[in-house]
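Take a look at the following structure, please.
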Amino acid sequence: MQRTGLLVLLLFVWTQAGRAAATDEKDIPYGNNPSAAHYLQVGDVKIYYEIYGSGHPLVLLHGGLFGYIDEFGGVIPELSRHYTVIAIALRGHGKSELGTQPLSNALFAEDSAAVIRHVTSEPVDLVGFSVGAMASYLLTINHPDLVHKLVAVGGPIASSGSTEAAGTEANAYNDPAELEKGLPPRFVARRNRIYPDRAVWNRLVLAMGKAEATEPDIPKEKVHAIQIPTLIAAGDQDDYTKMEHFVEIYHLLPHGELAIVPGCGHTVFKCNPSLMLDLIEHFLQQSEASGVAQ
């Protein structure tokens with residue numbers, strides 16, 4: 001089979017000082033912005049999302065437990081100049097309710113599909129990070145009519161792709177008090193702003209611990225069946241997923257591209273938002289006829 005995708009090895013650091021991404025992040029309370037806030041009733045919960053800008057719809061799905069809408073604060077300002085940005089809070093995270101169903105990437109995907117169908121009648125461009133990337137794969141597989149292009153950042157499709165560090169952290173989810181001991185002060189301050197009620201945080205930790213323990217792999221044949229252009233991105237020092245696993249996913253995809261971001265760990269949107277913004281915009285805007293970055 002002829003591959004139309006391009007393997008991109010990024011061996012440079014992009015520092016574009018003029019980007020709005022580097023200047024506007026602190027001015028808008030992403031994830032807690034009344035002027036952009038919306039809720040959708042999905043089953044027994046209200047799912048929270050924010051909308052910015054105008055243009056072709058672009059959905060953002062953040063990472064699990066430690067992640068939230070605000071982790072995209074470095075890219076939303078610029079993306080919203082060209083797209084209708086729909087930033088969804090995963091079930092149980094931030095302002096989205098937890099509900100009674102066991103958490104899973106499949107449930108996150110179904111919640112997100114419901115929001116997409118409610119907000120727009122167009123197929124969306126979809127950007128998922130970490131757990132959001134895993135949910136994005138499932139959303140694309142189960143609802144191919146909803147997704148135009150996919151960007152999956154820092155997310156594995158199988159437990160075999162996870163590192164030992166990822167497993168150790170997941171085990172700590174079973175004991176919120178133990179997990180608390182390893183959290184840096186800066187994160188604790190941010191967490192307390194998002195989850196002022198500690199009981200809400202503890203319930204989410206335990207729910208994510210159960211999800212991690214029971215989450216099934218995404219079948220390789222289903223990933224191989226994804227027919228839309230897909231960009232995989234990850235930091236070259238990602239400590240949650242093995243680098244060879246990202247390469248394996250790339251080879252599964254008929255129309256895949258792979259970008260390895262230098263000098264970054266797992267949280268690439270915090271490490272180098274300008275480069276992530278450039279990657280996303282270039283991938284989304286490139287010609288579908290060629291399927292190859294120019």
Side-chain angles (χ1 to χ4, degrees), residues 28-52 57-73 76 84-120 124 126-139 142-143 146 155 169-170 172-177 179-180 183 187-216:
I28 299 175
Y30 295 109
N32 188 28
N33 184 3
S35 66
H38 301 268
Y39 286 92
L40 178 67
Q41 189 74 38
V42 182
D44 65 336
V45 303
K46 290 181 180 178
I47 297 297
Y48 178 81
Y49 60 98
E50 295 181 350
I51 297 180
Y52 298 92
L58 171 63
V59 170
L60 303 177
L61 298 183
H62 62 77
L65 188 58
F66 300 117
Y68 191 47
I69 291 171
D70 62 341
E71 69 192 10
F72 292 117
I76 290 177
T84 297
V85 176
I86 307 161
I88 301 174
L90 300 180
R91 180 180 291 238
H93 292 71
K95 290 182 173 294
S96 283
E97 296 174 344
L98 180 60
T100 58
Q101 296 187 64
L103 296 185
S104 68
N105 293 331
L107 185 59
F108 296 146
E110 292 307 306
D111 290 341
S112 302
V115 172
I116 291 169
R117 292 191 190 279
H118 178 73
V119 174
T120 181
V124 304
L126 179 59
V127 179
F129 169 65
S130 193
V131 166
M134 293 182 270
S136 295
Y137 283 123
L138 291 171
L139 198 162
N142 296 328
H143 302 279
L146 295 185
E169 181 179 291
Y173 294 176
N174 297 315
D175 186 346
L179 179 65
E180 187 81 10
L183 299 180
F187 173 78
V188 172
R190 172 179 173 269
R191 189 277 313 278
N192 290 342
R193 289 194 301 271
I194 299 172
Y195 305 95
D197 184 343
R198 182 63 60 84
V200 172
W201 167 256
N202 288 345
R203 286 196 294 271
L204 176 60
V205 171
L206 293 172
M208 288 298 290
K210 292 178 181 178
E212 290 281 348
T214 58
E215 188 67 42

Hey, does the side chain of Y30 reach the backbone of Y68 with a donor-acceptor pair shorter than 3.5 angstrom? no

By salt bridge (charged side-chain N to carboxylate O under 4.0 Å, His left out) - contacts of R193 (at least two apart):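 If we apply the salt bridge (charged side-chain N to carboxylate O under 4.0 Å, His left out) test to R193, skipping adjacent residues, there are no hits.
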
Looking at CG of L146 and OG1 of T120, how far apart are the two atoms once the value is rounded to the nearest 0.5 Å?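 Rounded to the nearest 0.5 Å, the CG-OG1 separation comes to 9.5 Å.
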
Do L179 and L65 come within less than 4.5 Å of each other through their side chains, counting heavy atoms only? yes

Considering all heavy atoms of both residues, which atom of V42 and which atom of A114 are nearest to each other, and what is their separation? CG2-CB, 4.0 Å

M208 side chain near H93 side chain, heavy-atom distance below 4.5 Å: yes

Expected output: side-chain H62 to main-chain D70 donor-acceptor under 3.5 Å: no

Answer yes or no: is there a donor N or O on one side and an acceptor on the other, between the side chain of E215 and the main chain of N105, under 3.5 Å?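 Checked: pair present.
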
To check you understand the geometry: which heavy-atom pair defines the closest contact between G99 and V45, and what is its length?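 That would be CA-CG1, 3.2 Å.
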
Ignoring hydrogens and angles, tell me if any N or O in the side chain of E50 forms a donor-acceptor pair with the backbone of A87 under 3.5 Å. no

Which atom names give the shortest non-hydrogen contact between I47 and I88, and what distance separates them?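 Between these two residues, the closest heavy atoms are CG2-CG2, 3.9 Å.
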
Taking C-beta and beyond as the side chain, do S112 and L61 meet within less than 4.5 Å on heavy atoms?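 In contact.
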
A207 and L103: which non-hydrogen atoms are nearest, and at how many Å?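 Minimum heavy-atom contact is CB-CD1, 3.7 Å.
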
Taking every heavy atom of A133 against every heavy atom of G155, the minimum-distance pair comes out as CB-CA, 3.9 Å

Measure the shortest side-chain to side-chain distance between I86 and I116 over non-hydrogen atoms and say whether it is less than 4.5 angstrom. no

Any V188 side-chain heavy atom under 4.5 Å of E180 side chain: yes

Please tell me if the side chains of I69 and L60 come closer than 4.5 Å, counting only heavy atoms from C-beta onward.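 Of all side-chain heavy-atom pairs linking L60 with I69, none is under 4.5 Å.
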
Rounded to the nearest 0.5 Å, what separation is found between the CZ atom of R191 and the CZ atom of F66?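 Atom-to-atom, R191:CZ and F66:CZ are 9.0 Å apart.
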
Would you call N33 and Y52 a side-chain contact if the rule is heavy atoms closer than 4.5 Å? yes

Atom of S130, atom of G63 and distance for their closest heavy-atom approach: CB-CA, 4.0 Å

Output yes when a side-chain donor or acceptor of Q41 lies under 3.5 Å from a complementary backbone atom of G43, and no otherwise.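 Answer holds: yes.
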
Name of the residue among R117, K46, R91 meeting salt bridge (Lys or Arg N to Asp or Glu O under 4.0 Å) with D111: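 So, applying the salt bridge (Lys or Arg N to Asp or Glu O under 4.0 Å) to D111 and each of R117, K46, R91, only R91 qualifies.
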
Tell me whether Y49 contacts the main-chain N or O of V115 through its side chain, where contact means a donor paired with an acceptor under 3.5 Å.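 Checking the backbone N and O of V115 against the side chain of Y49, no donor-acceptor pair under 3.5 Å is found.
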
With no hydrogens and no angle check, is any side-chain donor or acceptor of S136 less than 3.5 Å from a backbone partner on V127? no

Does the pair Y39 and K95 meet the rule for a side chain to side chain contact (heavy atoms under 4.5 Å, CB included), with working shown? CA-CA 9 Å; Y39 286 92; K95 290 182 173 294; 3.7 Å; yes

Residues 194-205, side-chain donor-acceptor partners within the protein, below 3.5 Å, at least two apart:
{"residue": "Y195", "atom": "OH", "partner": "G94", "partner atom": "N", "Å": "3.0"}
{"residue": "D197", "atom": "OD1", "partner": "A199", "partner atom": "N", "Å": "3.0"}

First locate atom CZ of F187, then atom CG of N192, and finally report the distance between them rounded to the nearest 0.5 Å. 9.0 Å

